[in-house]
Amino acid sequence: MPRENRRQTTESVGDPYLEITIDVYRELVRQTRQTFNIHLFSTAASIMIILIGCALPFVGHPIAGVLLAVAGGGTTSFCSQLAKQSQHRLENLLREVKQLHYYS
């Protein structure tokens, strides 16, 4: 949706708390899309790293193979943790906005 249409939609609402809630939902959807793309890429990269790490001991580099396999698993868990933290922050923000709107 173009920015002009978004502004018209939120301006027509008139309630500032509802506008913030709508913006938070939009940001949540945007970050969810980005998170999916990051997970997809990191999972594919991690699988490739793990496969290379598993092949290295057969070539004569066992230590490098173990390190690569561990790094592949660590990459996936790190990206998952970042995504969860980001989503948790947005959900807390949305909860706070709803509480502010309830008490006003």
Side-chain angles (χ1 to χ4, degrees):
M1 179 183 289
R3 283 194 181 269
E4 296 81 32
N5 290 345
R6 276 192 252 168
R7 285 193 189 120
Q8 289 173 354
T9 304
T10 56
E11 287 175 4
S12 64
V13 172
D15 184 10
Y17 292 109
L18 186 58
E19 290 176 19
I20 292 171
T21 304
I22 290 170
D23 287 341
V24 169
Y25 276 124
R26 282 191 183 122
E27 181 65 17
L28 187 59
V29 168
R30 186 192 69 80
Q31 284 194 7
T32 302
R33 288 181 185 144
Q34 292 292 340
T35 301
F36 175 77
N37 291 339
I38 289 171
H39 275 289
L40 185 65
F41 177 76
S42 68
T43 302
S46 296
I47 289 172
M48 290 181 66
I49 290 171
I50 290 170
L51 289 175
I52 291 171
C54 290
L56 280 176
F58 295 112
V59 182
H61 301 285
I63 295 174
V66 170
L67 290 176
L68 275 177
V70 169
T75 303
T76 302
S77 65
F78 180 72
C79 287
S80 297
Q81 188 68 23
L82 285 177
K84 286 178 186 178
Q85 288 175 353
S86 174
Q87 187 172 3
H88 184 66
R89 274 186 259 130
L90 272 175
E91 288 171 354
N92 284 341
L93 177 64
L94 184 61
R95 201 173 302 121
E96 290 175 11
V97 168
K98 286 182 178 181
Q99 287 176 352
L100 284 174
H101 181 62
Y102 178 74
Y103 290 120
S104 65

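Worth knowing before you read on, the calculation uses all heavy atoms, side chains too, and leaves out hydrogens, waters and symmetry mates. Remember, it's a predicted structure, so these values are computed and weren't measured experimentally.
Note that CD1 of Ile63 and NE2 of His61 are 11.0 Å apart. Values are rounded to the nearest 0.5 Å.
In the hydrophobic clustering of ILVMFWY residues, with side-chain heavy atoms under 4.5 Å counting as a link, Ile20 and Tyr25 come out together.
In this structure, Gly65 and Pro57 approach most closely via the heavy-atom pair CA-CD, 4.1 Å.
With sequence neighbours excluded, the residues satisfying side chain to side chain contact (heavy atoms under 4.5 Å, CB included) with Ile49 are Leu68.
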